[in-house]
Amino acid sequence: MVMTTADPVGIVGAGAMGLPIVRYLTEAGFRVLCWDLDPGRLNDAVTNGGEAASGPADLGVCRALLVFVPTDEDVRSVALEFAEVASPGAYFVIHSSVRTQTCRALTEELAPAGIKVVDAALTGGVRGARAGEINLLVGGAAEDVAALEPVFAPWTSHVNHLGPSGNGQIGKTVNNMIHWGQIVCIVEALSLGLELGLKPEQMRPALYNGPTDSRTLRELEEMRFTWYEKDTDNAVEMASDIDRKLYFSEIVRTFMRSINVANVAALLDGESVVELPEITI
């Protein structure tokens, strides 16, 4: 049965990604119960229209629980606590970046309690969350994804159903591999252009008009260049499960360690190039 604004929604993790979603959901008419270990973040959630829960046990009234926590272990911990208090038919929605196996294991473990697991990985970053334009890569049963559509609609631009639980995380990993690779290529290319006398402020508008155009290229100065280590670890681990070696992703990780907000800003201002390390391939 499709969710409506009469169904309470819970959010665990009211940080940079979760907090804007609290506001969008409350503005859409949902009652949103929030929990975060950081009292300051919990206060922010209340300021944005949410209700503060005193702990995970208070979230049992929620028909859908949206989870924005850092690690697989955190997701598992929240899931098991939710399973103890939730009603059959509730949805446990994993927005964290976790391993595919974690999503699939929780799908099986929570099924006896009647709780349905959907993994809905986010792309678009903090900027997308603030603008209500997150692109979701979703794994789960088709009927569960359809039921959650009213909860996703207020803060997303697209909801892409990619198959069963865990496939959303595969999609997120594929997306992130391309994203970090693009950053390295863009930084190296613009650095070359600058050394040859062509400033990025001249070159980028020209690139927007050709086949190299991308959000990564257009929004480079807004990026913080975080999480590439975790994203690469996830990709390597997924690949190892099927005996595949990732060559380019490991190289990208090495180069990303030399890319930061300060040196990219200097590059885009035409002040200096970004020096990438010499590596042996």
Side-chain angles (χ1 to χ4, degrees), residues 1 3-99 101-122 126 129-130 134 136 138 140 144 147-148 150-152 154-155 165 168-169 227 230:
M1 188 167 60
M3 290 190 61
T4 71
T5 53
D7 297 308
V9 176
I11 287 184
V12 176
M17 299 301 293
L19 183 61
I21 293 166
V22 172
R23 176 170 58 84
Y24 279 107
L25 285 174
T26 56
E27 289 177 351
F30 284 95
R31 178 190 178 197
V32 182
L33 282 74
C34 306
W35 172 244
D36 196 295
L37 291 173
D38 184 330
R41 289 181 175 181
L42 199 55
N43 288 336
D44 290 341
V46 172
T47 301
N48 279 268
E51 300 177 28
S54 60
D58 289 349
L59 302 174
V61 300
C62 298
R63 188 165 171 225
L65 185 65
L66 315 185
V67 181
F68 303 84
V69 295
T71 69
D72 291 61
E73 291 74 19
D74 294 329
V75 169
R76 174 172 289 279
S77 176
V78 173
L80 297 181
E81 290 186 84
F82 185 58
E84 293 180 357
V85 297
S87 299
Y91 299 99
F92 184 77
V93 187
I94 304 171
H95 292 298
S96 308
S97 293
V98 298
R99 298 174 67 235
Q101 291 89 333
T102 298
C103 300
R104 292 177 177 167
L106 287 175
T107 299
E108 294 183 6
E109 291 175 34
L110 271 58
I115 298 172
K116 303 172 182 182
V117 175
V118 171
D119 76 293
L122 308 98
V126 175
R130 290 173 178 168
I134 285 291
L136 277 187
V138 185
D144 297 337
L148 288 162
V151 176
F152 295 150
W155 51 277
S165 178
Q169 299 298 330
W227 301 111
K230 179 182 178 181

Under the side chain to side chain contact (heavy atoms under 4.5 Å, CB included) criterion, do Met17 and Val126 qualify, and how do the steps go?
CA-CA 6 Å; Met17 299 301 293; Val126 175; 3.9 Å; yes
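Residues Trp35 and Leu65 form no side-chain contact, since every pair of their non-hydrogen atoms from C-beta on lies 4.5 Å or further apart. Between Pro150 and Thr4 there is no side-chain heavy-atom pair separated by less than 4.5 Å. Between Ser96 and Asp74 the shortest side-chain heavy-atom distance does not fall below 4.5 Å. Side chains of Leu25 and Leu66 form a contact here, defined as non-hydrogen atoms less than 4.5 Å apart. The shortest side-chain heavy-atom distance between Asn48 and Thr26 does not fall under the 4.5 Å cut-off. In this structure the side chain of Trp155 reaches within 4.5 angstrom of the side chain of Leu136, judged on heavy atoms. With a 4.5 Å cut-off on side-chain heavy atoms, Ile94 and Val67 do not count as touching. When side chains are defined from C-beta on, Val46 does not count as touching Cys34, because their heavy atoms never get closer than 4.5 Å.
Across Gly15 and Asp36, no two heavy atoms sit closer than the pair N-OD2, 4.2 Å. For Ser165 against Arg104, the heavy-atom pair with the smallest separation is O-NE, 2.9 Å. Closest approach of Ala129 to Ala16, counting heavy atoms only: CB-O, 4.4 Å. When every heavy atom of Leu59 is checked against every heavy atom of Ala53, the shortest pair comes out as CD2-CB, 4.0 Å. The shortest non-hydrogen separation linking Ala6 to Pro8 is O-CD, 3.5 Å. Counting all heavy atoms, side chain and backbone alike, Ala14 lies closest to Leu19 at O-CB, 3.7 Å.
Looking at Asp72, its side chain does come within 3.5 Å of a backbone N or O of Arg99 through a donor-acceptor pair.
Annotation: Arg130, atom CZ; neighbour count of heavy atoms from other residues, nucleotides and ligands within 6.0 Å does not exceed 12.
Going from atom CG of Asp119 over to atom OG1 of Thr107 covers 7.5 Å, rounded to the nearest 0.5 Å. One finds the CZ atom of Arg63 at 4.5 Å from the CG atom of Asp7 (value rounded to the nearest 0.5 Å).
Ring orientation note: the planes of His95 and Phe152 are nearly perpendicular, at an angle over 60° on the 30°/60° scale.
Residue pairs meeting the side chain to side chain donor-acceptor pair (under 3.5 Å) criterion with at least one partner in residues 51-61, sequence neighbours excluded, are Arg31-Glu51, Ser54-Asp58.
Lys116 pairs with exactly one of Leu148, Asp144, Leu110 by the side chain to side chain contact (heavy atoms under 4.5 Å, CB included) rule, that one being Asp144.
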In a table with atom names and distances, give each donor-acceptor pair under 3.5 Å that connects a side chain of residues 76-92 to protein atoms at least two apart or in another chain.
residue	atom	partner	partner atom	Å
Arg76	NH1	Glu109	OE1	2.8
Arg76	NH1	Glu109	OE2	3.1
Arg76	NH2	Glu109	OE2	3.2

